[in-house]
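Read the structure below first, then the notes.
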Amino acid sequence: MKSAVETLNPTRVRLTVEVPFEELKASLDAAYKKINQQVTVKGFRKGKIPARVIDQRFGRGAVLEEAVNDALPKFYTEAINEAELNPLGQPEVDITELKDGELLAFTAEVDVRPEIEIPDFSGIEVEVDAVEVSDEDVEKSVEQLRNRFASTNDVERAAAEGDVVTLDLEAKVEGEVLPDGVATDVSYTIGSGELLDGIDEAVKGLEAGGEATFTSQLKGGSAEGKDAEVTVKVSKVSARELPELDDEFAQMASEFDTLDELKADSRKRLENMKQYDQATQAQERVLEKLLELAEVPIPEKLLEDEVNTRKHNLEHHQLGQMGLTLEKYLEFQGKTVEEFEAETKEQAIKGIKTQFVLDALVNKEKLGVNQEELTEHLMRRAASSGMSPDQFAQAVVEGGQVPMLVGEVARGKALALVVEAAKVVDTNGEVIDLSDEEDEVEAAAETVEAAVEGEAEDKADEAK
């Protein structure tokens, strides 16, 4: 077999391949055998029809077509390997010559990974937020814990902000009660904003047995988007009572004996959270700088496929699970279809560039992934998927996704390498050393995942 490579552009090549006819023998034999099993000829047992009879009855051309279709993937793969190319997607194959007994020639055009020159990243500098935990932050954290231990008691007075009320609701549109417009014994905290617009004003000041009517635009259901006349009746008013902030509360709500110890622990946890956020911010900003330095041509077909995949996942998975259409989502976001398309394309380009650049760095630095790193990554991915580690591992193996996970960890190691070489300072001018961060590689892998594929999830979170 002879093959030659013509570079059409930095991300696309054309292979020209010539195959001596004798190399088709195995595929020709397989073609005759396959046709033998599919047809019957009077006077011959099934599977025992001679090749010359098949040629006479069904045509040599049918046999050649079957043989060529069988052989092409093998010859294409040999040509790709010989040229040391990294193809992206399926090739466009054109058979240019087929001479029975002499020669098979074909061309194959395919997108390939471009050659990436890793820029000098030693001079990258980024600024991140300083890790600062104020007394107000600590008080807010303790107050949130205090709210979790609040109790409710029925009261005989008018409902006020923060009270928990039990409600019956009835919604009418154009004077007709909606089939899904009746609800009873609904528990609602006034001021939480978890029900209809206008309900807080309607129920404030009502005692048990009180009733009010208000107009609200429905956010879902059979009359979504329409104005409804909603009647609300209060059957019970309960006041929330917060426990006293003292040592007794600390003992009830935590493993600590005193309120001061609880506050000190809250401060430490907030510092750890902000340090993690700071490290993530540094990784994101270093990655942005690295991508700015690198010249990365983007294959058009790959970009088109990536954009379509992102749009499909957002529309049919994330938004679909919440009962939202893309049109409604864009309405909530105040974006036009054109703005959404441009934004999605920009994010897809960033995802592709991230993979190309970090994969090139992995190859250049010969960064490997050991079993411990892969296991740790698998455990985290399992937790985020809601599956047990065993279930997730089984799904990964059965789906042939182990190389994908290895690639994610390797890219995380590549980004961690760049972050360690970068200068990171906080807003106070202090130099931040991230090399001692625990789980640095795994955290970097998360950052890479967000850049590569996480934007659709971000959009879904915005929609929620």
Side-chain angles (χ1 to χ4, degrees), residues 11 80-81 84-89 111-122 124 276 279-280 282-299 302 306 309 347-385 389 392-393 395-422 424 434-455 457:
T11 64
I80 284 289
N81 292 338
E84 298 182 344
L85 298 173
N86 293 308
L88 300 168
D111 287 333
V112 293
R113 276 182 177 257
E115 293 291 328
I116 305 295
E117 183 176 341
I118 302 299
D120 179 9
F121 51 79
S122 60
I124 290 179
Y276 181 85
T280 300
Q283 292 160 358
E284 291 171 347
R285 292 182 178 178
V286 168
L287 177 59
E288 292 282 356
K289 291 281 190 180
L290 178 65
L291 296 182
E292 288 173 9
L293 292 173
E295 292 187 15
V296 185
I298 306 295
L302 179 65
E306 180 65 18
T309 297
Q347 292 166 348
I349 290 173
K350 179 183 177 182
I352 293 170
K353 288 182 69 173
T354 297
Q355 289 188 73
F356 283 178
V357 172
L358 294 181
D359 284 348
L361 186 55
V362 167
N363 292 331
K364 180 181 179 182
E365 299 295 331
K366 296 180 171 55
L367 300 176
V369 176
N370 61 41
Q371 187 61 50
E372 182 181 351
E373 292 166 336
L374 182 59
T375 299
E376 183 181 352
H377 186 62
L378 187 148
M379 297 280 282
R380 183 186 64 77
R381 289 295 299 265
S384 64
S385 72
F392 187 78
V396 165
V397 172
E398 291 177 352
Q401 299 297 305
V402 173
M404 180 192 75
L405 290 187
V406 172
E408 290 173 352
V409 179
R411 291 183 196 118
K413 295 183 79 167
L415 178 57
L417 187 72
V418 180
V419 173
E420 287 182 18
V424 181
L434 299 172
S435 60
D436 294 331
E437 286 291 313
E438 291 186 14
D439 302 324
E440 179 188 5
V441 170
E442 189 57 28
E446 288 187 47
T447 300
V448 174
E449 283 172 52
V452 170
E453 59 186 21
E455 285 77 6
E457 293 176 8

Would you check if V402 and V396 make a side-chain contact, meaning some heavy-atom pair closer than 4.5 Å?
-> yes

Do the non-hydrogen side-chain atoms of L374 and N370 ever get within less than 4.5 Å of each other?
-> no

I116 CD1 to I118 CD1 distance, which is reported to the nearest 0.5 Å = 7.0 Å

Determine whether L290 and P119 make a side-chain contact, defined as any pair of heavy atoms from C-beta on separated by less than 4.5 Å.
-> yes

Sequence neighbours left out, what passes side-chain contact (heavy atoms from CB on, under 4.5 Å) with A382? Give chain and number order.
-> F392

Point-to-point distance, once rounded to the nearest 0.5 Å, from CD1 of I124 to CD of E292 = 9.0 Å

Going from CD on Q283 to OG1 on T280, what distance comes out if it is rounded to the nearest 0.5 angstrom?
-> 5.5 Å

Distance-minimising heavy-atom pair for L88 and P299 | CD1-CG, 3.8 Å

Mind listing the side-chain donor-acceptor pairs of residues 352-361 below 3.5 Å, one per line with the distance, residues two or more places apart or on another chain?
unit_1: K353; atom_1: NZ; unit_2: L291; atom_2: O; d: 3.3
unit_1: T354; atom_1: OG1; unit_2: K350; atom_2: O; d: 2.8
unit_1: Q355; atom_1: OE1; unit_2: R411; atom_2: NH2; d: 3.4
unit_1: D359; atom_1: OD1; unit_2: R411; atom_2: NE; d: 2.8
unit_1: D359; atom_1: OD2; unit_2: R113; atom_2: NH1; d: 3.2
unit_1: D359; atom_1: OD2; unit_2: R113; atom_2: NH2; d: 3.0
unit_1: D359; atom_1: OD2; unit_2: R411; atom_2: NH2; d: 3.3

Would you indicate whether the side-chain heavy atoms of L417 and L415 approach each other to under 4.5 Å?
-> no

Where A444 and A416 come nearest, the two heavy atoms and their spacing = CB-N, 4.1 Å

How many angstroms lie between CD in E372 and NE2 in H377, if you round to the nearest 0.5 Å?
-> 14.5 Å

With sequence neighbours left out, the residues meeting side-chain contact (heavy atoms from CB on, under 4.5 Å) with A348 are L303, E306, V307, R310

Nearest heavy-atom neighbours spanning P389 and L378 | O-CD2, 3.7 Å

For V424 and A282, the nearest pair of non-hydrogen atoms, with its separation, is CG1-CB, 4.0 Å

Rounded to the nearest 0.5 Å, what separation is found between the CG atom of L405 and the CZ atom of R381?
-> 6.0 Å

Name all residues meeting the salt bridge (charged side-chain N to carboxylate O under 4.0 Å, His left out) criterion together with K289; count only those two or more places apart in sequence or in a different chain, and write none if there are none.
-> none

List the steps, then state whether side-chain contact (heavy atoms from CB on, under 4.5 Å) holds for V419 with V286.
-> CA-CA 6 Å; V419 173; V286 168; 4.0 Å; yes

With sequence neighbours excluded, what pairs up with Q371 under the side-chain hydrogen bond (donor to acceptor under 3.5 Å, both in side chains) test?
-> T375

When you look at CD of E295, are more than 12 heavy atoms from neighbouring residues, nucleotides or ligands closer to it than 6.0 Å?
-> no

Return the set of residues passing side-chain contact (heavy atoms from CB on, under 4.5 Å) with E446 (not counting sequence neighbours), or none when no residue passes.
-> Y276, R380

Check ion pair K413-E365 (N to O, under 4.0 angstrom) = no

Pairing residues for N81 by the side-chain contact (heavy atoms from CB on, under 4.5 Å) criterion, not counting sequence neighbours = T77

Qualifying residues under side-chain hydrogen bond (donor to acceptor under 3.5 Å, both in side chains), relative to D120, sequence neighbours excluded = S122

Check side-chain hydrogen bond (donor to acceptor under 3.5 Å, both in side chains) between E398 and all other residues, then give those that pass, not counting sequence neighbours.
-> Q394

